[in-house]
Amino acid sequence: MTSKVVVCGKLFDGQSDMMRGPTEILINDGTIVEVSTSVGRPNSAEVIDLSERAVSPGFIDTHVHLCIDGLNLARQTMQCSPAKALAGLYYAQQYMRFGFTTLRDMGTLDPEWPTVNLRDAIESGMARGPRLIVAPHMISATAGHGDMQGMFPCRCHMGLSRVADSPAKIRELVRMEHAFGGNWIKTMNTGGYMSAGDDPARVTWFEDEMLTLGQTAQQLGLPLAVHTGAAEGCKQALRAGARSLEHCYLIDDEGIAMAEKAGSFLVPTMQMTREDKALMKAGKLPEHAVWKFRRDVAEIEKAQKRIARSKAKIAFGTDCGMFPFSEGVLEFQAMVAAGIDAVRAMKAGTSVAAELLQRDDLGVIAPGKQADIVAMPGDPLADIAATAKVDFVMKGGRVYRHGAFEILQ
């Protein structure tokens, strides 16, 4: 049995509302077995000294796109599936440097299954990187946010989009995601900002279509995530049984109350709004996004503050891939700027994210949990910016980064 003892200067365990003082964590074969002020040194355990660091559970990002390059969408979408998978592995490994030990990938624009292949390669040990939980594709109505056919009208037969316009076709697409090993079902029931020809303020599924999608996912035992913008879209998604609302750009008080009552999770991707504002100011936001984003940005920020004031379950998600992964960790700071207090933001990226993903072995530093551990100088509960300074990363008891020492490839 391989034992490690992690000596922590401070500890945020993922559940408490405050930092613990000096603490030690005993790990055997990748699992935490004891957390206390002293765990001894059993079995000649390796000692990892983080006595000058604040320690936290590994960060969890519940909304990324490893195989999409949002700023070069037309060119990158036409690449072959292996090229996307290899790029996705690179981005996953680089993102892990910032402390992200678990990622939920929210869909590709590809006829094949690159994120399923990537997930399985990491799980089998063929590749190193964060554990992946995947929704392989984004199911959309024709002309909806996930439909790329309008961008490539002469190549629309290539299967880049998963589109449906009838309950029978919707069932077929959901069943296909299940058959090929998807962990989640992802759909979009409103338009989006970075896609051409649709509008985030308009709902794109009819009620019977959305209900069919939700019922099929539920029957197959797959949780449902819904990209949604318009206030009515948020409510439609909840009526269909969505476990998580992604972005919820224009959610209103009624929608938030519905989410609270249902126990559904909100993933508000707040840093992406900051990224898009910077692009618009620099004149680099794609033309088809400018009119929509300029019209809505003030309302998006009001909705984010509305979410912050609520009692809804908020999970950390970024939409990285639509903007650089190097900026994803700034989501913690964006959440606090919107009015979410630091401890709630930290829980959003650890224990609440694990709850959303239905992984009770993650997101908390406690006996019986996976030894996913990150450390940083400073105190993230006192200054959330400390989260951007992670310099120690452990996943499943294996150290991937310790200062200048890194094993990621």
Side-chain angles (χ1 to χ4, degrees), residues 1-16 19-62 92-93 95-104 119 122-125 127-133 316 329 346-377 380 387 389-403 405-409:
M1 182 176 292
T2 303
S3 298
K4 292 184 174 71
V5 174
V6 178
V7 179
C8 315
K10 299 177 182 178
L11 175 67
F12 171 70
D13 65 9
Q15 291 181 314
S16 302
M19 282 281 185
R20 293 169 61 163
T23 305
E24 295 185 356
I25 305 167
L26 176 62
I27 300 163
N28 285 338
D29 287 346
T31 301
I32 298 169
V33 296
E34 185 179 354
V35 182
S36 65
T37 53
S38 177
V39 298
R41 300 294 182 268
N43 303 320
S44 302
E46 175 189 353
V47 178
I48 299 173
D49 185 3
L50 301 175
S51 58
E52 296 185 0
R53 294 289 185 270
V55 172
S56 162
F59 300 154
I60 301 171
D61 190 333
T62 70
Q93 291 173 340
Y95 204 30
M96 195 171 178
R97 297 184 68 256
F98 292 91
F100 291 91
T101 55
T102 301
L103 307 176
R104 182 180 62 158
R119 177 200 66 194
I122 292 172
E123 284 185 2
S124 70
R128 294 171 179 165
R131 70 179 54 75
L132 302 182
I133 295 163
F316 184 107
V329 73
M346 287 293 290
K347 289 180 181 180
T350 54
S351 58
V352 176
E355 183 188 356
L356 165 59
L357 301 181
Q358 300 172 304
R359 290 293 300 261
D360 60 7
D361 59 331
L362 302 176
V364 177
I365 294 178
K369 308 295 185 182
Q370 293 267 356
D372 285 16
I373 294 170
V374 301
M376 64 209 85
T387 52
K389 301 174 184 177
V390 166
D391 57 5
F392 175 87
V393 180
M394 173 187 283
K395 174 200 160 194
R398 179 169 186 165
V399 176
Y400 285 82
R401 180 181 183 188
H402 193 174
F405 170 79
E406 295 186 30
I407 302 178
L408 287 172
Q409 298 177 335

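Values below: every heavy atom of this structure, side chains too, minus hydrogens, waters and symmetry copies.
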Would you compute the distance between atom [atom1] of [X] and atom [atom2] of [Y] and round it to the nearest 0.5 angstrom?
X	Y	atom1	atom2	answer
Ile27	Ile48	CD1	CD1	6.5 Å
Leu11	Glu24	CG	CD	11.5 Å
Met346	Thr387	CE	OG1	7.0 Å
Lys4	Asn28	NZ	CG	10.0 Å

Which atoms form the tightest heavy-atom contact between [X] and [Y], and what is the distance?
X	Y	answer
Ala348	Ala353	O-CB, 3.2 Å
Gln93	Arg128	NE2-O, 2.9 Å
Ser351	Val364	CB-CG2, 3.9 Å
Val35	Ala366	CG2-CA, 4.2 Å
Thr350	Gly58	CG2-O, 4.0 Å
Met96	Pro130	SD-N, 3.4 Å

Could you pull out all residues at least two apart from Asp360 that satisfy salt bridge (Lys or Arg N to Asp or Glu O under 4.0 Å)? none
Taking side chain as C-beta onward, heavy atoms only, is [X] less than 4.5 Å from [Y]?
X	Y	answer
Arg41	Ser3	no
Phe392	Ile373	yes
Pro22	Thr37	no
Ile407	Val399	no
His402	Leu50	yes
Phe316	Asp61	yes
Thr23	Ile365	no
Leu362	Leu357	no

For Gln358, does the CD atom have more than 12 heavy-atom neighbours from other residues, nucleotides or ligands under 6.0 Å away? yes
Okay, side chain of Arg401, backbone of Arg97: is any donor-acceptor separation there less than 3.5 Å? yes
So does Lys369 get a backbone contact from the side chain of Asp361, meaning a donor-acceptor N/O pair under 3.5 Å? no
When Thr102 is tested against each of Lys395, Gln370, Arg359, Arg131 for side-chain hydrogen bond (donor to acceptor under 3.5 Å, both in side chains), which residue passes? Arg131
Start with the C-alpha distance between Val329 and Phe100, add both sets of side-chain angles, then the distance that settles side-chain contact (heavy atoms from CB on, under 4.5 Å), and finish with yes or no. CA-CA 9 Å; Val329 73; Phe100 291 91; 4.0 Å; yes
Per the side-chain contact (heavy atoms from CB on, under 4.5 Å) rule, which among Met19, Met376, Glu52 passes with Lys10? Met19
Which of these passes side-chain contact (heavy atoms from CB on, under 4.5 Å) with Leu26: Ser38, Pro42, Ser36? Pro42
Any chance you could lay out the salt bridge (charged side-chain N to carboxylate O under 4.0 Å, His left out) test for Glu355 and Lys347, step after step, and finish with the verdict? CA-CA 10 Å; Glu355 183 188 356; Lys347 289 180 181 180; over 6 Å; no
Take Tyr95 and Phe59, measure what ring-ring contact (aromatic ring centres under 6.0 Å, His included) needs, and give me the verdict at the end. CA-CA 10 Å; Tyr95 204 30; Phe59 300 154; 9.5 Å; no
